[in-house]
There are 2 protein chains.
Amino acid sequence: MRNPVLIELTRGVLVESLHAGAVAVVRADGEIVAAVGDVAAPTFPRSAIKPLQAIPFVETGAADRFGFGPREIALASASHSGTQAHTSLARSMLARAGLSPDALACGVHEPLDPVTARAMIRSGAAPTPLHHNCSGKHAGMLATAVHKGEPSEGYWRPDHPVQARIARVLEELSGCRLSPDVCGTDGCSVPNWAMPLSGLAQAFARLAMHEGMSAARAVACRRIAEACAAHPDLVAGPGRLDTLMMARLPGAVFMKAGAEGVYCGALPERGLGFALKIDDGAKRAAEAVVVQLLGRFHPEVADLGPAATLTNWRGVEVGQTRPSAALEALLERLRL
Amino acid sequence: MRNPVLIELTRGVLVESLHAGAVAVVRADGEIVAAVGDVAAPTFPRSAIKPLQAIPFVETGAADRFGFGPREIALASASHSGTQAHTSLARSMLARAGLSPDALACGVHEPLDPVTARAMIRSGAAPTPLHHNCSGKHAGMLATAVHKGEPSEGYWRPDHPVQARIARVLEELSGCRLSPDVCGTDGCSVPNWAMPLSGLAQAFARLAMHEGMSAARAVACRRIAEACAAHPDLVAGPGRLDTLMMARLPGAVFMKAGAEGVYCGALPERGLGFALKIDDGAKRAAEAVVVQLLGRFHPEVADLGPAATLTNWRGVEVGQTRPSAALEALLERLRL
C-alpha cells in the first residue's frame, strides 16, 4: 500500500517535494486513537526501539549489578552524538562490566556531533567504536551478557540469549509475533525486527505508562523512562530533536528517533504511545511530523524541528515545510 | 498526481523504504520515447539546468571576450566540489572579467569535496563564496553582464537582463512558457523555473544534438557539451556520479544532477534527452535511477552510483537497492 502524503516542501507557490508515511497513536491497551496510512504493515523501527531493547538490561538486574544509574540507562537507550561525555560514559560502562571497547561489535563512524567531529579532524584523532551512536546500547547488551554468565562474544547474533531475551520483550509489549522472516540486520549489526506501527506505538505507551506487565518489568520501564527524561542530553546530543524536545517537556514527552524516517514515543500524561515511519526514509519529514504531533498537545514546541520557512545559502526565504491535508486531518482527530 | 515507485530499498526480505518519481526520455523534436509518472507537471530542475543557463554566457560572446575555453565553460555548467582546482578557476574567471569574489551572490557553504573540507577544518580556513558549488555558474553570469555592459550588481534578480536572457533560452529550447507563477528562488538565489520533465528532456536533447536552433546557438551548445565531456572533473568533483559517468563514457553521455532528486542529461548517439525527479527529493534514488537508465544503453556503468548491496557500519550485507517493476517496465521500453 502507498501511504498518504504527510509533509510537503514548497518553493515559490509550487510543491517541490513531498513525503508520504504512516502514523499510529495508540493507548497502552492497544486501542488505536488515531492513525493515517498502513499502520499494520511490518516496519523496521531501527534505533527508535532502543528504549525497549534496554528493558532486559534493567529487568535482569545487570544495571544494578554494575552500579549503573539513570545516566548509564539513558545511554543504553541512546543514539548518542559521540561527544566526550558520551564516549567516556560508554567506556566506563564497559570497564565496570570487565570489558574493553574491543568487545563492541557496532562498527565505527565519525561522531554525529559536528563540534566533536571537527575537533577530531583538527587533532587527527580517529573515531573508535565508542563514537558509534549505538555504543551505549551495545555496552548495555554486553553488561547483560556478563551479568547472566553468557558469552560476550557474538552478543549481537539473533540466536544469542541477549537478543532472544529482547525479542521476547518486544513480543510481550507490542503483542506482535516476531518470526525470522521479519528480522533484518541493523546498522550496528544487531537484529532489528519489523513490526506494525500500531504494535510499536502500543509498546511505547506501555513502556511510558508501565502498565499491563510484571512488577519487575514495570520498575524497569519506569527507570528507563525516568532516565531519558532526566538525561535527554545522553539520549541524543547537542542540537538534536530528541534532546531538545525532552529537555523542553521533561517527563511529558518520551521519544526516540530511528534511521530511515522512524519515530516512536509516548505522551504519558495522555496515556498515548505513537509510532511513525516516512516511506522514503527522510529524517527531515519524520522530524516535521513528530513536531506537528507533539505540538498538537504542547504548542510551545512548534519551533523545534525543521524550520517551517526554508531559506537558502544566503538566508533568502525560498519556501515552506508544511503538513499535508492528511496529516492535518490526523491532528484534528487528536484534539482531545 | 502521485508518481509510481521507482526504487525500493530492502532490509532482510522486506522493503524498508521506497522512492517514487517520474522519468521522461524524449527526442530533440519533442517525441516522448518513454515515460513513467507525470512528466507534464511543473518541476524545479534546480542545478540540473546549469548547462542550459550557461548558453547565453557562450552565445553572447562573453566567454570569448574574456578568453575562456572549455575549462571555464565546464565550470560555468558545474555544481563543483570546491577543490583548489575549482576555486582557483572561478577566481580567475572573475578576475578576467574585472571582478573580485565579492561580486558573487551565491552564498557560502563548505566544499562538497570531503578531502578539501577536512583540510580546511585542519588548517582553520573559512569557506568563501568561491567554495559554493555554484560559483562557476555565477562567474559566468557576471562575465556575461560585464560583456553586455549590464550592471553586475543584482545579476541574480529575475528581472536582470542576465536572468531574462536565460529564461528566453529555456523557453526556446524546452518549448515551455515560463510565467512568474512557476518561478522559485534557487539555493544560490538565482531564479529557477519549474518546467515539465518532458520539456527539460527535450531541451537537453537539443543541447546535446545542437539541432533546431540558430547557428550561433548551435555552436554555443556544442561548445558546452564538448567542454563538459572534456572536463568532467570540473562539472562535479572527485568521486561524484556526474564526473565518474562522463569520464567513463566521454561524449556518449551528458548529464547534470540537481538538488531535490533531479537529473537531466542526454545520450547524443541515441538522439535522446532525459529528465527525472524523485518526489521526495532523495539523491540516493535519483542516482540509482540515472544509473539504471544509462546502464540500459551502457551496461559497463552499472557499477557506478549507489551500491546495489547495502552494507552496515561493519560491512555486513543488510539489504539491496533495486529498481521497481515500474522502472523495469520503462527500461524495457528503451531496449532499442
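A note on names: the letters A, B, ... follow the listed sequences, proteins ahead of strands, and every chain is numbered from 1. Only a predicted model underlies this, so the values are computations on that prediction, with no experimental measurement involved.
Put simply, the residue from B/T116, B/T83, B/V115, B/L112 that forms a side chain to side chain contact (heavy atoms under 4.5 Å, CB included) with B/P238 is B/T83.
Side-chain contact check for B/M141 versus B/Q163: some heavy-atom pair is nearer than 4.5 Å.
Counting heavy-atom pairs closer than 4.5 Å to chain A, the top-ranked of the candidates B/L9, B/V316, B/D181 is B/D181. The residue among B/N312, B/T311, B/D186 with the most heavy atom pairs within less than 4.5 Å of chain A is B/N312. Among B/G107, B/A282, B/P129, B/S189, the residue with the largest count of heavy-atom pairs under 4.5 Å with chain A is B/S189.
At a 4.5 Å heavy-atom cutoff, the contact between A/W156 and chain B is made by side-chain atoms alone. Proximity to chain B (any heavy atom under 4.5 Å) is shown, for A/A105, by both the backbone and the side chain. Interface remark: A/V182 contributes backbone and side-chain atoms alike to the contact with chain B (heavy atom separation under 4.5 Å). For A/C106, the part lying under 4.5 angstrom from a heavy atom of chain B is the backbone only.
Ion pairing of A/E16 with B/R46 is present here, as a side-chain N (NZ or NE/NH1/NH2) and a carboxylate O approach within less than 4.0 Å.
Within 6.0 Å of the CD atom in B/Q320, the count of heavy atoms belonging to other residues, nucleotides or ligands exceeds 12. In the displayed structure, A/R284 atom CZ is contacted under 6.0 Å by more than 12 heavy atoms of other residues, nucleotides or ligands.
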